[in-house]
Number of protein chains: 2
Amino acid sequence: MDSTDDILDLDNQLCFALYAANRAVTSLYRPLLTELGLTYPQYLVMLVLWEAATASEVVRVSGLGSRLRLDSGTLTPLLKRLEERGLVRRQRSVEDERVVTVAVTAAGLAMREQAKSIPSRLLCSTGVDSERLMALRDELRSVLARLESRQAPSAR
Amino acid sequence: MDSTDDILDLDNQLCFALYAANRAVTSLYRPLLTELGLTYPQYLVMLVLWEAATASEVVRVSGLGSRLRLDSGTLTPLLKRLEERGLVRRQRSVEDERVVTVAVTAAGLAMREQAKSIPSRLLCSTGVDSERLMALRDELRSVLARLESRQAPSAR
DNA sequence: CTCAATTATATTGTACACAATACAATATCC
DNA sequence: GGATATTGTATTGTGTACAATATAATTGAG
């Protein structure tokens, strides 16, 4: 195997490390979120909506999308499932009928109390010390910011 | 907002940083892989198969799964699509008929030459220096190893 | 005022992920 | 050697992702 072959070596690749680590972490969340009946992306949506409810802010589908970097093709069916379960209310704006706002219901807000234990329980289940995880998080955020500033010109 | 609310703050969470960074990196690959007509997970499968072809090793579906951390429910349809395109050959073993081996065809091997340019082109498109990315990759790998050693006892 | 461009969301189709289950073949225990 | 457990892959169903397209409402130019 010559040196150019190493370039394609799977284990050398950042992409795969990210891909595998992401799925490993998601699978750590799975059992905890199953208790709430949420999937991982649903949990992320609820996090944003809980934050907005606390700050008394109105959230649109487009706002959720830019925050979570998801498009409407992903969010619309996800939000409809949360609405069917009574956790969320979708409402078309009266000023601009193109806009759909999303807010947690009382049941959705109540779920927040159960969700509060998740971050600390997850941290325990990793077996990795928290300073190291926070450093990793910061590095990921920094790289993400750089990537997004690069693709911004013709953003989705 | 009291301090316990911070725990659920989206931006504090490693999980989201991983989730978003993974999708951002995948979307950087997308245009390059589209030239080859591959999706990102298909590309990862091809990387393993190219490596195996070089080493003259036989790869099973289960081997692909443990390497990529994917199960047969994901791999079987993916491999069938690669087979339909003539990039891959699936063959049931004669010694043990439960086993299906997967290998690249001549066309699949030829694609490797085109794929060689991908890592360096991707690196350029990130705009992040490579030392930093390698450090991030190593840290992710290390955390992944720790997570997997924890969940290993009752692995999927 | 009206047509064109833009904006915001929804819909459709393809392709992962993964849990749950099915099923067939091999291995093992007695 | 036959019941039982294990192993390896396939199938099914649910839920994301995302490109491409559709639709409807708003904005803006003339």
Side-chain angles (χ1 to χ4, degrees), chain A residues 16 19-31 33-34 37-46 58-66 68-85 90-102 151 154-156, chain B residues 16 19-31 33-34 37-46 58-66 68-85 90-102 151 154-156:
Chain A
F16 175 67
Y19 176 75
N22 177 48
R23 283 184 300 115
V25 169
T26 302
S27 74
L28 283 182
Y29 273 92
R30 209 184 315 279
L33 294 178
T34 299
L38 295 178
T39 64
Y40 183 70
Q42 286 171 3
Y43 172 64
L44 294 178
V45 166
M46 292 303 288
V58 175
V59 181
R60 310 172 164 199
V61 174
S62 58
L64 276 173
S66 64
L68 298 174
R69 280 78 170 171
L70 294 172
D71 74 0
S72 67
T74 302
L75 286 172
T76 296
L78 186 157
L79 291 170
K80 283 183 176 175
R81 279 186 280 270
L82 292 179
E83 189 174 39
E84 274 175 27
R85 289 190 47 203
R90 291 159 69 246
Q91 200 154 19
R92 198 164 282 278
S93 164
V94 280
E95 303 100 50
D96 186 340
E97 293 192 7
R98 294 169 306 179
V99 175
V100 171
T101 63
V102 187
Q151 16 186 217
S154 65
R156 310 190 44 198
Chain B
F16 175 67
Y19 176 74
N22 178 48
R23 282 184 300 114
V25 170
T26 303
S27 75
L28 283 183
Y29 272 92
R30 208 184 315 281
L33 293 178
T34 298
L38 295 178
T39 64
Y40 183 70
Q42 286 171 2
Y43 172 63
L44 293 179
V45 166
M46 293 302 289
V58 174
V59 181
R60 311 172 162 200
V61 174
S62 59
L64 276 173
S66 64
L68 299 175
R69 280 77 169 172
L70 294 172
D71 73 1
S72 67
T74 302
L75 287 173
T76 297
L78 186 157
L79 291 170
K80 284 183 175 175
R81 279 185 281 270
L82 292 179
E83 189 175 38
E84 273 175 28
R85 288 190 49 204
R90 291 160 68 247
Q91 199 153 17
R92 198 166 283 277
S93 165
V94 280
E95 302 100 50
D96 185 340
E97 292 193 7
R98 296 170 304 180
V99 174
V100 172
T101 62
V102 187
Q151 22 187 211
S154 66
R156 311 189 44 204

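When reading the values below, keep in mind they use all heavy atoms of this one structure, side chains included, and skip hydrogens, waters and symmetry mates. Below, read A as the first sequence line, B as the second, and so on, with proteins coming before strands; counting in each chain starts at 1.
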Next item on the list: Would you tell me if any nitrogen or oxygen in the side chain of K80(A) comes within less than 4.0 Å of OP1 or OP2 on dT11(C)?
Entry: yes
Nucleotide [N], atom [atom2] - distance to [atom1] of [X] in whole Å:
X      : N       : atom1 : atom2 : value
E97(B) : dA10(D) : CD    : P     : 13 Å
L64(B) : dC18(C) : CG    : P     : 15 Å
R92(A) : dT26(D) : CZ    : P     : 11 Å
R69(B) : dA19(C) : CZ    : P     : 16 Å
E95(B) : dG8(D)  : CD    : C1'   : 14 Å
L44(A) : dG15(D) : CG    : C1'   : 14 Å

For [X], enumerate each residue passing the side chain to side chain contact (heavy atoms under 4.5 Å, CB included) test, keeping only those at least two apart in sequence or located in another chain.
X      : answer
V59(A) : L49(A), A52(A), L64(A)
T39(A) : P41(A), Q42(A)
T26(B) : N22(B), R30(B), Y40(B)
Q91(B) : R89(B), T101(B)

Next item on the list: Applying salt bridge (charged side-chain N to carboxylate O under 4.0 Å, His left out), name anything that partners R90(A), two or more places apart in sequence or on another chain.
Entry: E83(A)
Margin query: I need the minimum non-hydrogen distance between A24(A) and S27(A), along with the two atoms involved.
Written below: O-OG, 2.8 Å
Where do N or O atoms of nucleotides 12-17 of chain C meet protein N or O atoms at under 3.5 Å, pair by pair?
| from | atom 1 | to | atom 2 | distance (Å) |
| --- | --- | --- | --- | --- |
| dC16(C) | OP1 | T39(B) | OG1 | 2.6 |
| dC16(C) | OP2 | Q42(B) | NE2 | 3.0 |
| dC16(C) | OP2 | R81(B) | NE | 2.8 |
| dC16(C) | OP2 | R81(B) | NH2 | 3.0 |
| dC16(C) | O5' | R81(B) | NH2 | 3.3 |
| dA17(C) | OP2 | Y19(A) | OH | 2.3 |

Tabulated below should be each protein N or O lying under 3.5 Å from an N or O of nucleotides 4-8 of chain C; please produce it.
| from | atom 1 | to | atom 2 | distance (Å) |
| --- | --- | --- | --- | --- |
| dT7(C) | O2 | R98(A) | NH1 | 2.7 |

Margin query: Applying ring-ring contact (aromatic ring centres under 6.0 Å, His included), can you list everything that pairs with Y43(B), at least two apart in sequence or on another chain?
Written below: Y29(B)
Margin query: On the side chain of S72(A), is there an atom forming a donor-acceptor pair with the base of dA10(C) - under 3.5 Å, no angle test?
Written below: yes
Next item on the list: Would you mind listing every salt bridge (charged side-chain N to carboxylate O under 4.0 Å, His left out) that reaches into residues 91-100 of chain B, with sequence neighbours excluded?
Entry: D96(B)-R98(B)
Checklist line | Pairwise distance CG(L75(B)) to NZ(K80(B)) - rounded to 0.5 angstrom | finding: 12.5 Å
